[in-house]
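One structure is given below, encoded as structure tokens.
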Amino acid sequence: MLEVRQLCKSYGGRQVLAPASFVLPPGQCLGLVGRNGSGKSTLLRLIAQIEKPDSGDVLYEGKSTLGDRLFLRKQLGYVPQTAELARELTVSQQLALWQSACGLSGPLPADVLELLGLEPLLKKPIGALSGGMAQRLSIALGLLSRPEVLLMDEATSGLDQGYAPLLLDWLEGFVSKGGSLIWCSHHPQELERLCGAVLRLEAGTLIMETQEDI
């Protein structure tokens, strides 16, 4: 179980995330919604430890995850809103680099490559990828370690046509098998399909809603 306790963040004296707390059990998807600038990406980046919170904690199975590299590499998968890739590498090199960082060995997982259509792109330089191709690679990096918790920030935005339904099918299976998912999206149909409850951010303040409130 993932537990967020009183996470907050300010920039330049302006609070962008008021103390936020919630629990994400196994086998559940929480939607994350709100206007642009409401703090959604900040919340996910704090959980993924891309940024440090001003205060608060994130616990997994009752233990703090702050500074826990094993949790970040093997149990947490994070897909940012904008793909963060090394443009000088090929697709294969980027995947292998992240696989190594996660402490994994062996060939790249064929099912992830197939899901996101990456096999034909493996030798392609990342700098030559289209936006949709880069998004597919970014999602693959989030899935590579077979995480137990997934944070996905507008994952279908800019995704090549035809891949969004495949991804949503995969995510339904992930949750049904006990995975935990936070799904940030502006698309009501995606939220209705995946999420049992919704976290709404308004001016940095977190509000819990039921699926019927989406």
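Owing to the predicted nature of the structure, the values given are computational and were not obtained by experimental measurement.
- In this structure, Asp57 and Ser64 approach most closely via the heavy-atom pair OD1-OG, 2.8 Å.
- Residues Ile47 and Ile50 are members of one and the same hydrophobic cluster, defined by side-chain heavy-atom contacts under 4.5 angstrom among Ile, Leu, Val, Met, Phe, Trp and Tyr.
- For the pair Trp183/Thr156, a side-chain contact is recorded, criterion being any heavy-atom separation below 4.5 Å from C-beta on.
- Leu194 is listed as a side-chain neighbour of Cys29, based on a closest heavy-atom distance under 4.5 Å.
- Remark: side-chain polar atoms of Glu61 are paired, donor with acceptor, to backbone N or O of Met1 under 3.5 angstrom.
- A search for side chain to side chain donor-acceptor pair (under 3.5 Å) contacts involving Glu154 returns His186, not counting sequence neighbours.
- Side-chain atoms of Ser38 never come within 3.5 Å of backbone atoms of Glu202 as a donor-acceptor pair (strictly under, hydrogens ignored).
- Atoms CD and OG, on Gln81 and Ser157 in that order, are 7.0 Å from each other to the nearest 0.5 Å.
- Atom CD of Gln75 and atom SG of Cys102 lie 11.5 Å apart (nearest 0.5 Å).
- Side-chain atoms of Lys123 never come within 3.5 Å of backbone atoms of Ser92 as a donor-acceptor pair (strictly under, hydrogens ignored).
- Within 6.0 Å of atom CD in Glu114, 12 or fewer heavy atoms from other residues, nucleotides or ligands are found, so the atom counts as exposed in its surroundings.
- Following chains of ILVMFWY side-chain contacts shorter than 4.5 Å, one can reach Leu97 starting from Leu118, so the two form part of one hydrophobic cluster.
- Separating the SG atom in Cys184 from the CG atom in Leu201 is a distance of 9.0 Å, to the nearest 0.5 Å.
- For the atom pair Glu190 CD and Cys195 SG, the distance stands at 9.0 Å (nearest 0.5 Å).
- Side-chain contact between Lys124 and Met133 is present, with at least one heavy-atom pair separated by less than 4.5 Å.
- Considering all non-hydrogen atoms of both residues, Leu167 and Ala155 come closest at CD2-CB, 4.3 Å.
- For the side-chain contact (heavy atoms from CB on, under 4.5 Å) test with Ile182, the passing option among Leu151, Leu150, Val4 is Leu151; the others fail.
- Looking at Ser10 and Gln15, their side chains never bring a donor and an acceptor atom within 3.5 Å of each other.
- Annotation for Ala18 and Thr205: closest pair CB-OG1, 4.1 Å, computed over non-hydrogen atoms.
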Would you check, one step at a time, whether the test side-chain contact (heavy atoms from CB on, under 4.5 Å) holds for Leu137 with Leu116?
CA-CA 8 Å; Leu137 175 56; Leu116 295 160; over 6 Å; no

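- Shortest non-hydrogen contact noted between Asp153 and Ser41 is OD2-OG, 2.6 Å.
- Between Val112 and Trp170 there is no side-chain heavy-atom pair separated by less than 4.5 Å.
- Put simply, the side chain of Tyr60 does not reach to within 4.5 Å of the side chain of Leu76, judged on heavy atoms.
- Of the listed residues (Val149, Leu24, Leu171), just one forms a side-chain contact (heavy atoms from CB on, under 4.5 Å) with Leu181, and that residue is Leu171.
- Follow the hydrophobic side-chain contacts under 4.5 Å out from Leu115 and you reach Val175 in the same cluster.
- Between Leu95 and Leu113, the closest side-chain pair of non-hydrogen atoms falls below 4.5 Å.
- Side chains of Arg136 and Leu121 form a contact here, defined as non-hydrogen atoms less than 4.5 Å apart.
- Without hydrogens or angle criteria, Gln94 side chain to Ala86 main chain gives a donor-acceptor distance under 3.5 Å.
- The two residues Gly31 and Leu191 have their closest heavy-atom pair at CA-CD2, 3.9 Å.
- For Glu172, the side chain to side chain donor-acceptor pair (under 3.5 Å) partners are Arg193, not counting sequence neighbours.
- At distances below 3.5 Å, at least one donor-acceptor pair connects side-chain atoms of Lys40 with backbone N or O atoms of Gly34.
- No more than 12 heavy atoms of other residues, nucleotides or ligands shown are found within 6.0 angstrom of CD on Gln161.
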Could you walk me through whether Tyr11 and Thr42 satisfy the side-chain contact (heavy atoms from CB on, under 4.5 Å) test, starting with their C-alpha distance in whole Å, then the side-chain angles of each, then the deciding distance to 0.1 Å, before giving a yes or no?
CA-CA 11 Å; Tyr11 298 109; Thr42 296; 4.0 Å; yes

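- Linking ILVMFWY residues whenever their side-chain heavy atoms come closer than 4.5 Å, directly or via other members, places Ile139 and Leu122 in the same cluster.
- When all heavy atoms of Ser138 and Pro80 are compared, the closest pair comes out as OG-CD, 3.7 Å.
- The structure places CG of Leu43 at 5.0 Å from CZ of Phe22, a figure rounded to the nearest 0.5 Å.
- Between the side chains of Gln135 and Tyr163, not a single donor N or O lies within less than 3.5 Å of an accepting N or O.
- Residues Leu85 and Leu141 have side chains in contact (heavy-atom distance under 4.5 Å, counting atoms from C-beta outward).
- In this structure, the side chain of Gln28 does not engage the main chain of Ala197 through any donor-acceptor pair within 3.5 Å.
- Shown here are the side chain to side chain donor-acceptor pair (under 3.5 Å) partners of Asp68, two or more places apart in sequence or in another chain: there are none.
- One finds the CG atom of Leu108 at 6.5 Å from the CG atom of Leu144 (value rounded to the nearest 0.5 Å).
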